[in-house]
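Sequential numbering from 1 along the given sequence is applied to the chain's residues.
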Amino acid sequence: MAFINLTDLPPFLIYQNEIFAPVRVNQMSTLAQLDTGANIVSISPKLAEGLPRAGKTGVGSAFDQKTFELVEKVEIEFLGQTHQTAARIFDNPSAYPFDAGLVLNAAIVYGQRLILDFRLLHFARPHQMPSISWNELEAVYLQKTDLCLIRLEAAGKPLFALFDTGAGLSVVNSIHLPELRLNLEPAYDLEIGDATGAKATQSIVRCSDLSLNGLLLPSFDCFPTDLKPIEDAVGHRIDLIIGTNLLLKSGLRWLFDKPAGKVFVAE
């Protein structure tokens, strides 16, 4: 039987397929969404009050490109570590029934050796799960953005997937579909929003027979869209975006060790 000690770190909160954790921002407590698909921190207008402005920044997504005001000298305390960073001010109103004034980017989430446990819905350190058997994955952390890409397989063909806790629903890159061996079945239509606030109705499909280092993943919902703008921005091929829906359904434990450039997974 595996021994797990989760007394030191807090659980994370799941709300509408988004992941939140407690943080402190310039000495103020709030909840932050974890978005490993983001290369910049986002902050609410309320928390940005009084912070020095630093111009504007563009944020792109699969749906749109938008410009946001930028602030600096944002001090963030997350899981015992302090980070100084700039942040873009998001202008779309929050629909959460709780205070969530921040979105953490990949650089902060991956800033320490950390386990995201989607079985117990908890953070953990590697020493808190000493008897867990970890499988190392083929993965790469992109230098300019800190995003993490993981190798998966479909019918023996390799795919590169972006690990994105900010995506409530997984995404398949439509421009690569003809060469991918994905098993996709039509499911339903759904209106989906993105990081820029843009919304679009998408045809959802169900994907199956996808594996991770020999581990067969459960079938999951996703939608096809053109990810070339994101590929161009990050400088790497992206076949799939692993969203929170698949992370929760699979119930896997993910160990990220960015300093060593490694990713591990365990059941």
Side-chain angles (χ1 to χ4, degrees), residues 14 16-19 33-39 59-65 106 116 118 137-142 145-252 254 256 263 265:
I14 305 294
Q16 295 184 346
N17 272 9
E18 296 179 351
I19 304 172
Q33 183 190 358
L34 307 187
D35 187 355
T36 57
N39 63 357
V59 175
S61 71
F63 298 159
D64 199 7
Q65 177 81 25
L116 294 177
F118 288 94
L137 304 177
E138 184 178 331
V140 59
Y141 295 90
L142 303 182
T145 60
D146 293 299
L147 304 182
C148 181
L149 294 173
I150 296 167
R151 184 184 185 274
L152 295 90
E153 301 87 30
K157 183 177 179 62
L159 295 85
F160 290 98
L162 172 65
F163 187 93
D164 187 357
T165 58
L169 194 62
S170 300
V171 183
V172 59
N173 195 342
S174 59
I175 65 171
H176 297 318
L177 271 180
E179 60 189 278
L180 300 178
R181 300 173 183 174
L182 294 176
N183 185 5
L184 302 177
E185 297 181 0
Y188 53 90
D189 290 339
L190 182 69
E191 185 179 67
I192 298 173
D194 67 7
T196 69
K199 293 184 178 181
T201 298
Q202 299 291 326
S203 295
I204 308 303
V205 297
R206 188 151 295 125
C207 181
S208 59
D209 301 330
L210 198 65
S211 62
L212 182 68
N213 197 21
L215 174 66
L216 183 64
L217 297 174
S219 62
F220 62 96
D221 292 351
C222 60
F223 65 94
T225 194
D226 184 352
L227 297 180
K228 189 176 187 303
I230 298 178
E231 290 182 319
D232 292 343
V234 303
H236 201 287
R237 176 181 173 125
I238 299 175
D239 297 306
L240 186 74
I241 293 178
I242 299 175
T244 307
N245 67 316
L246 175 55
L247 297 174
L248 291 171
K249 188 172 184 180
S250 63
L252 297 175
W254 299 77
F256 294 94
V263 178
V265 70

K.L.:
Closest approach of Glu231 and His176, non-hydrogen atoms and distance?
P.N.:
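Nearest heavy atoms, Glu231 then His176: OE2-NE2, 2.8 Å.
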
K.L.:
Going by heavy atoms in the side chains, are Val172 and Cys207 under 4.5 Å from each other?
P.N.:
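They are not in side-chain contact.
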
K.L.:
If you round to the nearest 0.5 Å, how far is CG of Leu116 from OG1 of Thr36?
P.N.:
8.0 Å

K.L.:
Do Ile242 and Leu152 make a side-chain contact, defined as non-hydrogen atoms from C-beta onward lying under 4.5 Å apart?
P.N.:
yes

K.L.:
Is the closest side-chain heavy-atom distance between Leu159 and Leu182 below 4.5 Å?
P.N.:
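The answer is yes; the side chains approach within 4.5 Å.
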
K.L.:
For Ser208, enumerate each residue passing the side chain to side chain contact (heavy atoms under 4.5 Å, CB included) test, keeping only those at least two apart in sequence or located in another chain.
P.N.:
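With neighbours one apart ignored, the set is Asn183, Ser219.
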
K.L.:
Could you check whether any side-chain heavy atom of Ile175 comes within less than 4.5 Å of a side-chain heavy atom of Leu227, counting everything from C-beta outward?
P.N.:
no

K.L.:
Report the residues that fulfil side chain to side chain donor-acceptor pair (under 3.5 Å) with Ser174, sequence neighbours left out, ordered by chain and then residue number.
P.N.:
none

K.L.:
List in chain and number order the residues that pass ring-ring contact (aromatic ring centres under 6.0 Å, His included) with Tyr141, two or more places apart in sequence or in another chain; answer none if no residue qualifies.
P.N.:
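Expected list: Tyr110.
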
K.L.:
So does Cys222 get a backbone contact from the side chain of Ser170, meaning a donor-acceptor N/O pair under 3.5 Å?
P.N.:
no

K.L.:
Between the main-chain N or O of Glu138 and the side-chain N or O of Arg151, is there a donor-acceptor pair closer than 3.5 Å?
P.N.:
no

K.L.:
Only pairs at least two apart or in different chains count here, so list each salt bridge (charged side-chain N to carboxylate O under 4.0 Å, His left out) that has a residue in residues 161-170.
P.N.:
none

K.L.:
Does some side-chain heavy atom of Phe223 sit less than 4.5 Å from a side-chain heavy atom of Val205?
P.N.:
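Side chain of Val205 against side chain of Phe223, heavy atoms only: no contact under 4.5 Å found.
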
K.L.:
Report the distance from atom CZ of Phe118 to atom CG of Leu248, rounding to the nearest 0.5 Å.
P.N.:
6.0 Å

K.L.:
For the pair Thr145 (side chain) and Val234 (backbone), establish whether a donor and an acceptor sit closer than 3.5 Å, ignoring hydrogens and angles.
P.N.:
no

K.L.:
How would you list all residue pairs meeting salt bridge (charged side-chain N to carboxylate O under 4.0 Å, His left out) that involve residues 200-209, not counting sequence neighbours?
P.N.:
Arg206-Asp221

K.L.:
For Gln33, give me all partners under side chain to side chain donor-acceptor pair (under 3.5 Å), at least two apart in sequence or on another chain.
P.N.:
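Gln33 satisfies side chain to side chain donor-acceptor pair (under 3.5 Å) with no other residue.
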
K.L.:
With sequence neighbours left out, what residues match Glu18 under salt bridge (Lys or Arg N to Asp or Glu O under 4.0 Å)?
P.N.:
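Per chain and number, Glu18 pairs via salt bridge (Lys or Arg N to Asp or Glu O under 4.0 Å) with no residue.
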
K.L.:
Just jot down the side chain to side chain donor-acceptor pair (under 3.5 Å) partners of Asp239, sequence neighbours excluded, or say none.
P.N.:
Arg237

K.L.:
Salt bridge (Lys or Arg N to Asp or Glu O under 4.0 Å) with Lys228: which residues, sequence neighbours excluded?
P.N.:
Asp232

K.L.:
Rounded to the nearest 0.5 Å, how far does CG of Leu162 lie from SG of Cys148?
P.N.:
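Answer rounded to 0.5 Å: 8.0 Å.
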
K.L.:
Let me confirm one number: the CD1-CD1 distance from Ile238 to Ile230, rounded to the nearest 0.5 Å.
P.N.:
6.0 Å

K.L.:
Under the rule for side chain to side chain donor-acceptor pair (under 3.5 Å), what residues qualify as partners of Asp146, not counting sequence neighbours?
P.N.:
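With neighbours one apart ignored, the set is Lys258.
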
K.L.:
Counting C-beta onward and ignoring hydrogens, is there a side-chain heavy-atom pair between Leu252 and Leu215 closer than 4.5 Å?
P.N.:
yes

K.L.:
Would you say that Asn173 contacts Leu180 through its side chain, given a criterion of any heavy-atom pair below 4.5 Å between the two side chains?
P.N.:
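Of all side-chain heavy-atom pairs linking Leu180 with Asn173, none is under 4.5 Å.
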
K.L.:
May I have all residue pairs that pass ring pair (Phe, Tyr, Trp, His ring centres under 6.0 Å) and include part of residues 149-172, sequence neighbours excluded?
P.N.:
Phe160-His236, Phe163-Trp254, Phe163-Phe256

K.L.:
Mark yes or no for whether Asn17, through its side chain, and Gly168, through its backbone, hold a donor-acceptor pair below 3.5 Å.
P.N.:
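Answer holds: yes.
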
K.L.:
Could you list the residues that satisfy side chain to side chain contact (heavy atoms under 4.5 Å, CB included) with Pro218, not counting sequence neighbours?
P.N.:
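If we apply the side chain to side chain contact (heavy atoms under 4.5 Å, CB included) test to Pro218, skipping adjacent residues, the hits are Leu246, Lys249, Ser250.
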
K.L.:
In Å, rounded to the nearest 0.5 Å, how long is the span from CG of Asp35 to OG1 of Thr165?
P.N.:
5.5 Å

K.L.:
Look up atom CZ in Phe220 and atom CG in Asn245, then write down how far apart they are to the nearest 0.5 Å.
P.N.:
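If we round to the nearest 0.5 Å, Phe220:CZ and Asn245:CG are 7.5 Å apart.
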
